[in-house]
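First comes the structure, then the notes that go with it.
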Amino acid sequence: MDIKIATWNINSVRLRINLVERLIAEESPDVLCLQEIKCINDAFPLKALKAAGYEHIAVHGQKGYHGVATLSRIPFKKVDSMNFCEKGDCRHLATDLDMPGGMRVHNFYVPAGGDEPDPEINPKFAHKLAFVREMTRLYDGHRTKSQNRMVLVGDLNIAPLEHDVWSHKQLLKVVSHTPVEVALMNELIASHDWVDVMRRFVPDNEKLYSWWSYRAKDWLAADRGRRLDHIWVTPALADTPVSMTVRKDARGWERASDHAPVVATLRL
DNA sequence: ATGGTCGACTTTCGA
């Protein structure tokens, strides 16, 4: 069987519900992970998304900021969310899919980290680094069987490779591509042997982005993007990815999010 | 040259 998983930082799900519906109509993913829903659970557009074919919806929202939701055509066996950095922010959902062999889907919204790339003077950057460190310790020690087949997606707010940004040199001191956070992300990847699914399909020496700033006069012409969104799988699923698409066209839709959806299909 | 644009508990903050 194939399972199609999509991740999208929607930047207000209420404002862009029509764009979510459009992506669903065009891609029909089995699982859709949203970040920055920016609403409390009660304000989440549950009815519209159920009508779009998602009977199983986990929402972890808060007022105004952050918030994640995982929509699925496959039932959940279990839904968890971890509280990182004891902040109470809604930045994570883990859903166990009820399917042969099982599969756990982690949906993450990592703190952006503010502007100043010095944790000594910027508490937001310190929070980001602490958050990624906590992710590294997510499965210290033994994993359970349900933690064997895992997918981790989301807006991780870090572009680790040279060609994950439009200018490696010019972004070395820009939060999202600084050596300290890239090193932490690499530790996180190594800690669970995560496989970078996007880079399975696009070589490391080719530019690959999922986010383009709102501030550019012409985002498409300037093409000063960064790869902040990711799809990773554990080694048990390393041989399953058969396709991956960054829906860059969605960045050009009317009243778009600044992030493009990333879609991958796993063949089980 | 140190901006620019979004969305939200908008007159400010987070991204």
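Each chain gets a letter, A, B and so on, in the order its sequence line appears, and its residues count up from 1.
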Looking at W211(A), I'd like to know if the NZ or CZ of R226(A) sits under 6.0 Å from its six-membered ring centre while staying within 45 degrees of the ring's axis.
no
Please work out which residues in residues 207-217 of chain A have a non-hydrogen atom less than 4.0 Å from an atom of DNA chain B and list them by number.
Y214(A), R215(A)
Nearest-nucleotide 5' precedence on DNA chain B, R224(A) against N11(A)
R224(A)
When all nucleic acid strands are considered with a 4.0 Å heavy-atom cut-off, which category describes H66(A): base, sugar-phosphate, or nothing?
sugar-phosphate
Atom C1', compared across dT10(B) and dT5(B): separation rounded to whole Å:
15 Å
Does R91(A) reach a base, just sugar-phosphate, or nothing at all? Heavy atoms under 4.0 Å.
sugar-phosphate
Between dG4(B) and dA15(B), how many Å separate the two C1' atoms, rounded to a whole number?
13 Å
Taking the nucleotide of DNA chain B with the nearest heavy atom to each, does P111(A) or S12(A) sit closer to the 5' end?
S12(A)
Do the charged groups of D30(A) and K4(A) touch, with an N to O distance under 4.0 Å?
no
Check every strand shown and say whether R255(A) touches a base, only sugar-phosphate, or nothing at a heavy-atom separation below 4.0 Å.
nothing
Could you give the CZ-to-C1' distance, from R16(A) to dT5(B), as a whole number of Å?
11 Å
Can you confirm whether the side chains of S28(A) and R73(A) place a donor and an acceptor under 3.5 Å from each other?
yes
Under 3.5 Å side-chain donor-acceptor pair for E36(A) and N11(A)
no
Does atom CD of E26(A) have more than 12 heavy-atom neighbours, drawn from other residues, nucleotides or ligands, at distances under 6.0 Å?
yes
Could you report the tightest heavy-atom contact between I37(A) and I10(A), atom names first, then the distance?
CA-CG2, 4.3 Å
Enumerate the protein-to-nucleotides 9-11 of chain B contacts in which both atoms are nitrogen or oxygen and the separation is below 3.5 Å.
residue : atom : partner : partner atom : Å
dC9(B)  : OP1  : G64(A)  : N            : 3.2

For the ring pair H60(A) and H92(A), is the centre-to-centre distance below 6.0 Å?
no
What distance, rounded to whole Å, do you find between the two P atoms, one in dG14(B) and one in dC9(B)?
14 Å
I want to check something: taking the side chain as every heavy atom from C-beta on, are W8(A) and R247(A) in contact at a cut-off of under 4.5 Å?
no
